[in-house]
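Order of the sequence lines sets the chain letters (A, B, ...), proteins ahead of strands, with each chain counted from 1.
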Amino acid sequence: MSGVLVVMEQRSGAWNRMSFEALAAGQQLAAKLGAECSAAVVGSDPGALATELSSKKLKKAFAVQHALLGIYTSDGYVAALEQLIKEENPDFVLLPHTYQVRDYAPALATRFQQVLISDVIGIRTEDDRADSPIFVRQLLQGKLNADYRHIPPGPCFVSIQAGTFRADAVEDGTAATETFSPRLSPDQIRNKPGEPFRESSHTVDLTAAPVIVSVGRGIGEEGNLPIVEELAKALGAELAASRPICDNGWLPMERQVGSSGQTVSPKLYVAIGISGAIQHLVGMKGSKAVLAINKDENAPIFEIADYGVAGDLFEIVPELTKAIQTAKS
Amino acid sequence: MKIVVAIKQVPERDAPIHIAADGRWIEEGDLNYTINEPDAYALEEALQLKEKQGDAEVVVVSAGPERVQSTLREALAKGADRAIHIECDDLSTRDTLGVAQVLAETIKAESPDLILTGLQSDDLGLGQTGVVLAELLGIPHATIILQVEFSGAGLKVKRELEDGWFQHVEMPLPALLTIQSGGNKLRYATLMGIKKAKTKELKTVLAAEASAAATISMERVYLPEKQKKTEMLTGSPQEIAAKIVEKLKFEVRVI
């Protein structure tokens, strides 16, 4: 087919909404390439989901269907999508950068002697090389951006980070639906996945908090946590953290904000000693206002902060707590 | 039971970032290097499995220039039994597939029961080397793993999903797992461990020439553009605190 193929993600018949961001990316890339975009959804009975895609501006909507694809396994998905891609021969395969895609897409790309350009936060094309788009990724926890290009022949595999494209930018239109039945046998599938489960009762619902004070690596040690706890108390805020703080057991996992924790959009998010790796930013960049305090003026958190303080949190936070207490009394 | 841990050496987190003159990477001269943090969790998981299992051997493997030996020594000091340094001065010119091929060649000769590695690197963050390595070795894999148990002839692992969900996965051995941070607590090397490490085997093997050209290329690195206009607040800590209070009162309106 050439053009762009977007692999959508679903679980138990429900879309992962990042799929539509990848779909928007696929449509926009296809438009720039002067090519067509198709989409695929994988499952034991994905027909209804493929039918939903028939109202989008696509060449084709593939239902990749097999009884062994009902529950996700890397082995099943790689084998099925390898067959679809070999048959359709797209130049670009776009996927949402989900945990599931991280699990199978590198192996899928390897089947084609390709390397997935993962976690992409932007796609650009230059006029003189319209057929060779530039894929932007972050390096060194967001301290640097890098431009990547694929070296033909393809296909070129790309995964798109959450929030890079807008799901509501997906263009409506019509698409022919087509069922694709891959050849799979039970002995190809080596892993036996169990039912997904949740651990804690989620007693802390950060998503409802209007103000969040969040703490990261910069706090240095557990014994320093009271200074941010006091700020949170003064502001009437919920206390949250980036992953390393919870990894160390200094705060419970249920207070974690980011791709592996909760996604929040409070009126005010105060980021203290948080550098702002992409995994954290995707969990809080919907905040109405962000105040960041970090000793490194080049920390990526300042890219999305409304108010920034490049300084020593141990000097600034206690003063801020005092000033807020005074202002409130 | 043989467990191989694939380790990457990366710049320290607080390392000063200066873009190199050719704009394609950072100045390496002024960098200090350390173990990739997720790989430290993979090593810890291997050491804990060894302690539970008794008769297991933990072999650490790292590809790169001579400097990666310091990271391998640290892993030996923490309790790994032996180390293999795959000498490769042109690692940065190889893509993920090329790096995984280098690792696969050495690791295959070891015939391990289990391979552990971090879920992604702190520098390039492509998050793929482990999965590609499993694919090249023809063994099953599972990613973003927090807990590992031996169960019958295979493994039962706890895999992290999004939004606070988890899943158990059962799989046969040999297998490869990419380890998430936070599933265990990292240990420090003891003085005794550091002493012992000096007597442990650290073998160097030469990486084979790259068998294929890279399929992706990093063309340019640069500082990210700001997405928002950040108002930087400056002054003494008291002045900064007063300025923030003004903003929170009159602009954000949370006080």
Side-chain angles (χ1 to χ4, degrees), chain A residues 74 98-99 102-103 106-107 110 113-119 138-141 143-151 190-194 196-199 202 210-211 235 243 246-247 259-261 267-268 289 291 300 302-311 315-316 319-320 323-324 327-328, chain B residues 11 13 17 95-97 122-128 131-132 134-136 140-144 160-162 164-172 181-182 212-224 226-228 230-233 237-238 240-242 244-245 247-249 252 254-255:
Chain A
S74 172
T98 61
Y99 276 37
R102 288 160 72 182
D103 194 61
T110 303
Q113 300 298 305
Q114 296 291 327
V115 172
L116 171 72
I117 305 177
S118 58
D119 210 349
Q138 294 191 327
L139 306 177
L140 299 157
Q141 274 90 45
K143 290 196 192 101
L144 283 183
N145 278 5
D147 287 349
Y148 278 74
R149 261 191 230 264
H150 176 255
I151 303 162
R190 296 167 291 186
N191 290 5
K192 289 187 183 58
F197 62 93
R198 278 200 133 136
E199 213 141 64
H202 268 268
V211 183
L235 272 171
R243 177 148 197 133
C246 302
D247 280 348
S259 60
S260 53
K267 230 173 139 182
L268 173 67
L291 164 65
F302 290 126
E303 287 155 38
I304 61 144
D306 299 274
Y307 310 105
V309 180
E315 287 178 6
I316 294 151
E319 286 299 333
L320 178 58
I324 289 166
K328 277 191 163 179
Chain B
R13 277 175 185 269
I17 303 295
D95 63 13
T96 308
L97 185 56
D122 287 338
D123 53 356
L124 297 184
L126 283 154
Q128 299 179 54
V131 178
V132 175
E135 177 69 21
L136 294 176
H141 72 267
T143 53
I144 321 187
E160 183 180 287
L161 306 173
E162 278 128 336
W165 289 83
F166 302 93
Q167 177 184 45
H168 286 118
V169 179
E170 290 182 42
M171 57 203 299
S181 58
T215 62
I216 61 174
S217 78
M218 188 165 77
E219 309 248 303
R220 181 171 82 96
V221 301
Y222 49 97
L223 293 172
K226 286 192 180 296
Q227 293 168 28
K228 273 188 183 176
T230 309
E231 190 175 344
M232 297 304 284
L233 307 173
Q238 291 84 352
I240 289 169
I244 293 173
V245 167
K247 301 289 177 195
L248 299 190
K249 239 183 183 169
V252 190
V254 291
I255 301 183

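Contact count versus chain A (heavy atoms, under 4.5 Å) is highest, among Ala212(B), Ala213(B), Pro11(B), Gly125(B), for Gly125(B). For the set His141(B), Gln128(B), Met171(B), the entry with the most heavy-atom pairs within less than 4.5 Å of chain A is Gln128(B). Contact tally against chain A (heavy-atom pairs below 4.5 Å) for Pro224(B), Pro237(B), Ala242(B): the top residue is Pro224(B). Put simply, of Leu248(B), Val221(B), Asp122(B), the one with the most heavy-atom pairs under 4.5 Å next to chain A is Asp122(B). Here Glu162(B) is the residue among Glu162(B), Gln238(B), Lys249(B), Lys247(B) with the most heavy-atom pairs under 4.5 Å with chain A.
Taking CD1 of Ile255(B) as the reference point, atom CG of Leu235(A) lies at 6.0 Å (rounded to 0.5 Å). Note that CG of Leu144(A) and CD1 of Ile17(B) are 5.5 Å apart. Values are rounded to the nearest 0.5 Å.
Side-chain contact between Leu320(A) and Ile240(B): absent, with no pair of heavy atoms (C-beta onward) separated by less than 4.5 Å.
Heavy atoms closer than 4.5 Å to chain B are found in both the backbone and the side chain of Val115(A). Only the backbone of Ser259(A) comes within less than 4.5 Å of a heavy atom in chain B; its side chain stays farther off. Interface residue Gln113(A): backbone and side-chain heavy atoms are both found under 4.5 Å from chain B. When heavy atoms are compared at a cutoff of 4.5 Å, Leu116(A) approaches chain B by way of both its backbone and its side chain.
For Lys328(A), the NZ atom is densely surrounded, since the number of other residues' heavy atoms within 6.0 Å is greater than 12.
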